> 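Handing you this structure, nothing more for now.
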There are 2 protein chains.
Amino acid sequence: MELTTAEENYLKAIYHLSEEGKKSVSTNDIATQIQTKPASVSDMLRKLGEKEVIQYRKYYGLQITALGMQLALQTIRKHRLWEVFLVDKLHFAWDEVHEVAEQLEHIQSPLLIERLDAYLNYPKFDPHGDPIPDAYGDVRTRPRCALNEMDIDQIGQIVAVKDSSAAFLRYLDKVGAYIGARIKVLDKVEFDGSIEILVDQKKTLFMSKDVASNILVLQS
Amino acid sequence: MELTTAEENYLKAIYHLSEEGKKSVSTNDIATQIQTKPASVSDMLRKLGEKEVIQYRKYYGLQITALGMQLALQTIRKHRLWEVFLVDKLHFAWDEVHEVAEQLEHIQSPLLIERLDAYLNYPKFDPHGDPIPDAYGDVRTRPRCALNEMDIDQIGQIVAVKDSSAAFLRYLDKVGAYIGARIKVLDKVEFDGSIEILVDQKKTLFMSKDVASNILVLQS
DNA sequence: AAATAATATTAGATAAATCTAAAAAATATG
DNA sequence: CATATTTTTTAGATTTATCTAATATTATTT
Ligand SMILES: [Mn+2]
Ligand SMILES: [Mn+2]
Ligand SMILES: [Mn+2]
Ligand SMILES: [Mn+2]
């Protein structure tokens with residue numbers, strides 16, 4: 001089964017929106033995610049339904065099939081492996097990789113991905129802390145929670161970001177937050193949900209609830 | 001100026017056919033080269049003419065413009081850098097790289113190519129001995145001649161292959177001919193143009209004129 | 001429950017890239 | 001040089017992916 005580049009992008013968006021724990025994925029959500037119009041989405045959903053990567057009943061909603069899941073995970077695997085390559089080998093900053101990976105993920109060559117994976121030493125996570133599915137599409141998920149949900153005095157380690165936009169990542173660079181940093185919650189402000197944390201037992205950091213909710217932590 | 005993937009492929013084909021020293025590039029030649037129909041070529045030539053990467057007068061022929069040359073060389077640069085990456089870093093065989101490079105060459109990211117070039121240590125030649133244009137599109141050409149045109153007792157070094165097909169490259173692997181090999185012409189058969197050479201002062205090799213004409217040598 | 005709003009789909013266009021078949025132009029041949 | 005052959009272009013379809021505008025369906029509010 002072969003998907004076009006556009007089909008792969010739609011399927012990936014559907015997969016991601018499905019994972020967000022929403023009851024169902026709407027046409028408008030998909031349109032927003034891939035920056036297109038709802039009319040285009042409707043048309044594509046029909047096609048993806050015909051290819052049996054989703055189950056689609058118009059006006060009712062859709063569900064990704066096992067086949068669709070498999071294919072989406074392959075594309076995500078490629079995307080994340082390329083991101084690791086760009087950061088680890090070509091010294092891209094973690095806020096510079098997304099657009100390029102968005103292109104590279106569509107290169108068709110099983111051998112290439114197999115070799116790239118080996119070359120990168122079978123990484124388990126991408127530069128944003130997201131898990132890399134293996135060749136069979138299996139993803140190992142770690143228990144993680146948003147930083148703003150932690151309590152005072154709790155400790156943990158930053159393991160991922162929810163928002164991978166360049167603006168957000170550059171902000172984290174600026175204040176000195178990074179994947180792998182050990183943190184402790186020093187204070188939380190009831191009023192606005194903002195939070196004060198200690199990074200690597202050295203540096204104090206204040207951040208808004210909005211920022212904290214996009215930082216994912218492995219509690220310890 | 002932005003070209004589509006198809007336009008880049010056509011322009012690259014036109015560039016290569018122009019370089020082959022022919023008086024002019026025909027619609028049929030292009031169709032053969034990129035495995036499409038003459039009707040499709042005519043249509044694309046009109047478009048490339050409008051974009052001013054070629055000068056095109058129907059029925060009369062075409063000429064690549066300075067702009068077209070520049071863009072073609074950028075694509076060729078990308079293609080060859082990726083080939084080096086695949087062979088040097090991912091341990092692809094030299095007969096496995098072409099199709100993948102044919103896809104990778106269309107990835108749009110100046111930063112990526114700049115970094116890839118640095119990562120590969122600014123290689124001057126690809127795995128088939130073809131020169132890699134620099135970022136400005138400059139190509140350093142070496143004087144080289146086809147092996148079948150050499151005289152008895154002449155010595156030299158294999159520097160490139162004219163035919164990069166997997167079949168030909170695997171044949172060379174099998175008989176032990178490779179880029180960089182030092183050779184000496186031991187004998188030439190007048191009748192069929194076949195040739196006998198000594199490789200690395202060790203191994204004797206017989207080959208047909210057809211094979212020899214696809215091996216390029218730097219004479220010394 | 002009827003009216004209104006929101007959401008989703010269809011209808012009809014457009015652009016890119018391809019094809020087959022027909023027509024036109026250039027080239028080769030007797 | 002007139003005719004035949006080859007080469008090239010055009011005409012008309014098809015597929016994919018997109019859009020706007022109109023319509024249909026579902027959800028929300030009085
Ligand atoms: Mn993509
Ligand atoms: Mn990522
Ligand atoms: Mn290509
Ligand atoms: Mn090459």
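So you know, we letter chains A, B, ... as the sequences are listed, proteins then strands, and number each from 1. Remember, predicted model here, so these are calculated numbers, not experimental data.
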> Regarding A:Ser26 and A:Asn28, is there a side-chain donor-to-acceptor distance under 3.5 Å anywhere?
no
> Given atom CG of B:Asp43 and atom C1' of D:dT10, what is their separation to the nearest angstrom?
9 Å
> Rounded to whole Å, how long is the line connecting atom CG of B:Asp29 with atom C1' of D:dT7?
11 Å
> Give a yes/no on whether any side-chain N or O of A:Thr36 is located under 4.0 angstrom from OP1 or OP2 of D:dA17.
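Negative; the distance criterion is not met.
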> Could you check whether B:Ala6 gets within reach of a base, just the sugar-phosphate, or nothing at all, counting any heavy atom under 4.0 Å?
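The residue B:Ala6 makes sugar-phosphate contact but no base contact.
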> Kindly point out which of D:dT8, D:dT16, C:dA17 is positioned nearest to the side chain of B:Tyr59?
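Nucleotide nearest to B:Tyr59's side chain: D:dT8.
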> Hey, does the side chain of A:Lys58 come within less than 4.0 Å of D:dA24's phosphate (OP1/OP2), counting only N and O?
no
> Regarding B:Glu8 and B:His106, is there a side-chain donor-to-acceptor distance under 3.5 Å anywhere?
yes
> Take atom CD1 of B:Ile34 and atom P of C:dA17, then tell me their distance rounded to the nearest Å.
11 Å
> When you get a sec, tell me which of C:dA16, D:dT8, C:dT18 is the closest nucleotide to the side chain of B:Lys47?
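My answer, after comparing the listed nucleotides, is C:dA16.
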> Grab the CG-P distance between B:Leu62 and D:dT7 for me, whole Å please.
16 Å
> Return the CG to CG distance between A:Leu169 and A:Asp163, rounded to the nearest 0.5 Å.
7.0 Å
> Does a side-chain N or O of A:Ser42 approach OP1 or OP2 of C:dT10 to a distance below 4.0 Å, or not?
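A:Ser42 to C:dT10 OP1/OP2: no side-chain N or O under 4.0 Å.
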> Expressed as a whole number of angstroms, how long is the span from A:Asn9:CG to D:dA17:C1'?
12 Å
> Mind checking B:Ser40 for me? I need base, sugar-phosphate or nothing, with any heavy atom below 4.0 Å counting as a touch.
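The answer is base, as B:Ser40 lies within the cut-off (heavy atoms under 4.0 Å) of a base atom.
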> Between D:dT9, C:dT18, C:dT9, spot the one nearest the side chain of A:Tyr56, thanks.
C:dT9
> For B:Lys47, give me all partners under salt bridge (charged side-chain N to carboxylate O under 4.0 Å, His left out), at least two apart in sequence or on another chain.
none
> Distance check needed: D:dT7 C1' versus B:Leu45 CG, whole Å only.
13 Å
> Report the nucleotide, chosen from D:dT20, D:dA24, D:dA17, that has the shortest atom-to-atom distance to any side-chain atom of A:Lys37.
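Side chain of A:Lys37 sits closest to D:dT20.
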> Quantify the bending of the helix from C:dA1-D:dT30 to C:dG30-D:dC1 as the angle between its end axes, each fitted on five pairs, to 10°.
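For the helix from C:dA1-D:dT30 to C:dG30-D:dC1, the axes at opposite ends meet at about 10°.
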> Which heavy atom in B:Gln70 sits nearest to a heavy atom in B:Tyr136, and how many Å separate them?
NE2-O, 3.9 Å
> Between atom CZ in B:Arg46 and atom P in D:dA11, what is the gap in whole Å?
11 Å
> Does the side chain of A:His98 pick up a donor-acceptor pair with the side chain of A:Glu102 at under 3.5 Å?
yes
> For B:Ala39 and B:Met44, find the nucleotide of DNA chain C closest to each by heavy atoms; which residue's nucleotide sits nearer the 5' end?
B:Met44
> Between P on C:dA16 and CG on B:Leu48, what's the gap in Å once rounded to a whole number?
12 Å
> Which pair of heavy atoms, one from A:Trp82 and one from A:Leu104, lies closest together, and at what distance?
NE1-O, 3.4 Å
> Is the distance from OP1 or OP2 of C:dT18 to the nearest side-chain N or O of B:Tyr10 less than 4.0 Å?
yes
> Given C:dA6, is OP1 or OP2 found less than 4.0 Å from the side-chain N or O atoms of A:Asn28?
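The answer is no; no side-chain N or O of A:Asn28 sits under 4.0 Å from OP1 or OP2.
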> For the residue pair A:His128 / A:Glu83, report whether a side-chain donor-acceptor contact shorter than 3.5 Å exists.
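Their side chains do contain a donor-acceptor pair, which is all the 3.5 Å distance test asks for.
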> Starting at the 5' end of DNA chain D and moving along, which residue's nearest nucleotide shows up first, B:Tyr60 or A:Thr4?
B:Tyr60
